[in-house]
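Below you'll find the structure, written out as structure tokens, and then a few comments.
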Amino acid sequence: MGLSSTTGISSEPVTRIRAFLFQTLREESVGDEDDIFATGLVNSLFAMQLVQWLEREFSIEIQDEDLELRNFSTVAALAALVERIGNRRASDCP
Amino acid sequence: MSDPFFTTAQLEERKRLRKFVNDAILPHAEDCDVREALPLLVIESVANAGLFGRHLGIERSGWGNLTAYGLLHEELARACSNTRSLVTVQDMVLAALHRWGTAEQRSAYMTPLTQGKKIAAFALSEVNAGSDASAIEATAVASADGYRLTGRKNWISFGEIADLFLIIARLNNQPTAFLVDGRVSGLHRIPIRGLLGLRASMSAEIVMEDCLIPANCLIGGAGCAMLTILPTALAVGRYGVAWGCVGMAQACLEEAISHASKRRQFGVLLCDQQLVQRLIADMHVKIGAARLLCWEAGQRMVHDRGKADLSLASAKYFASTAALESASSAVRIQGAVGCASGSVAARHFRDAKIMEIIEGSNEIQQLTIAQQLFTSRGRG
């Protein structure tokens, strides 16, 4: 698994999240640090799919402590969230 | 031969539900529609029968037995869409609470809501925000004591009587959900009368004038309501409405068959007239198809979440269309009887029109279906 050149976050989630945004929003120029809510890129229909897609795609469960909008606002933040939850799960395992 | 879609236990439970509905709900349905209110007697019957919260799973992110839950909605709506709406709305709030509530919030509200000791309402819609939920204008402002809510919510089912509101308002300009006690100072309810359908769902406009609520009322993350609360609650709403539409359409088919088997015109029973037979056949086929789409949606919500949104949107879209068509056909077959005061078919006809609009209009369902198909296919 490689690292993203700009964020140091594992590139694999970044790639999958980019692909999802690309397919769903039909927007080719979303940068990894672009705020997808602030720029008006996303509508309510997309927003309502995002958490379910993340949980399904990465087999994770979003918890109360993850519920900050900034965790969902950019491709890089989403990838970091996926990594954090993955690490948390790994550390929870006996 | 066993049923290919429902287990013996589900079919047995359906029989028990049908008896309950015929005894405790159906006799009040017409009166509820006329009086534009669900009597306490009906609400207590539903609560005492343990019909709230049957969709909840053991795991916070999971569902319970959604097929049995669907049959519950079908049976309720066969008799009374307002009672079905009571259960659906309560369960939308319960689902959001179960999945996204803090331990403190779940401890405070889960039991009273599942037992029906508190009635909940889901307050999203506004005059200028329906299908586009992101357009809400109600605001929440953080203060030293918690949050201050200001704004108006419209067409809030059971807003007239709710003990607890799940209210969506803008906090720092981002949609955020709050659990609000109905007794909070500054919250006013203006009952909405004379609706086309769902007339006994006790809809109200909710006016919030600088309502101060504690900080621990925020649920689902600050600014995250579109990501958390809405998809969870609306999935339950759409699923319940879709199954309810099957029940309404089934009731209309039974009304139409009963009438056509007795009514004679031109010396021939209506049931022997081919144009009537065609309407009956179309109703039957569409009800069957709607029921299978609902069944599939329930299966996918539990076992195949990747296709759950697509199935759910398909079920709600098709079932609500089938309900309106079936109700229309039943009225047509019954003629003047179907148009008269007290007509079951006419009540379902008016209620069915609402089903095309609530919990995501059918246009939103069509958009969702198309977007899901394009997304799953990929590009290029």
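Everything quoted here is computed from the prediction, not taken from an experiment. Quick note on labels: first sequence line is chain A, next is B, and so on, each numbered from 1. What you see below is based on every heavy atom in this structure, not just the backbone, and it leaves out hydrogens, waters and symmetry mates.
Atom CG of B:L227 sits about 10.0 Å away from atom CE of A:M48, to the nearest 0.5 Å. Atom CD of B:E59 is separated from atom CD of A:E61 by 7.5 Å, given to the nearest 0.5 angstrom. Taken to the nearest 0.5 Å, the SG atom of B:C224 stands 5.0 Å off from the CG atom of A:L69.
Heavy atoms closer than 4.5 Å to chain B are found nowhere in A:E57, neither backbone nor side chain. Contacts of A:F46 with chain B are absent, with no heavy-atom separation under 4.5 Å from either backbone or side chain. Heavy-atom distances place the side chain of B:L234, and not its backbone, under 4.5 Å from chain A. Interface remark: A:I62 contributes backbone and side-chain atoms alike to the contact with chain B (heavy atom separation under 4.5 Å).
A side chain to side chain contact (heavy atoms under 4.5 Å, CB included) with A:Q52 is found for one member of B:T228, B:T232, B:D309 and no other, namely B:D309.
Within 6.0 Å of OH in B:Y317 there are 12 or fewer heavy atoms belonging to other residues, nucleotides or ligands. In the displayed structure, A:R56 atom CZ is contacted under 6.0 Å by more than 12 heavy atoms of other residues, nucleotides or ligands.
Contacts between residues 94-109 of chain B and chain A, counted as heavy-atom pairs separated by less than 4.5 Å, involve B:R99, B:W100, B:G101, B:T102.
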Distance-only donor-acceptor pairs under 3.5 Å for side chains of residues 132-141 of chain B, two or more places apart:
{"residue": "B:D132", "atom": "OD1", "partner": "B:S134", "partner atom": "N", "Å": "3.2"}
{"residue": "B:D132", "atom": "OD1", "partner": "B:S134", "partner atom": "OG", "Å": "2.5"}
{"residue": "B:E137", "atom": "OE2", "partner": "B:N128", "partner atom": "ND2", "Å": "3.4"}

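The most heavy-atom pairs under 4.5 Å with chain A, out of B:Q174, B:R305, B:Q371, come from B:R305.
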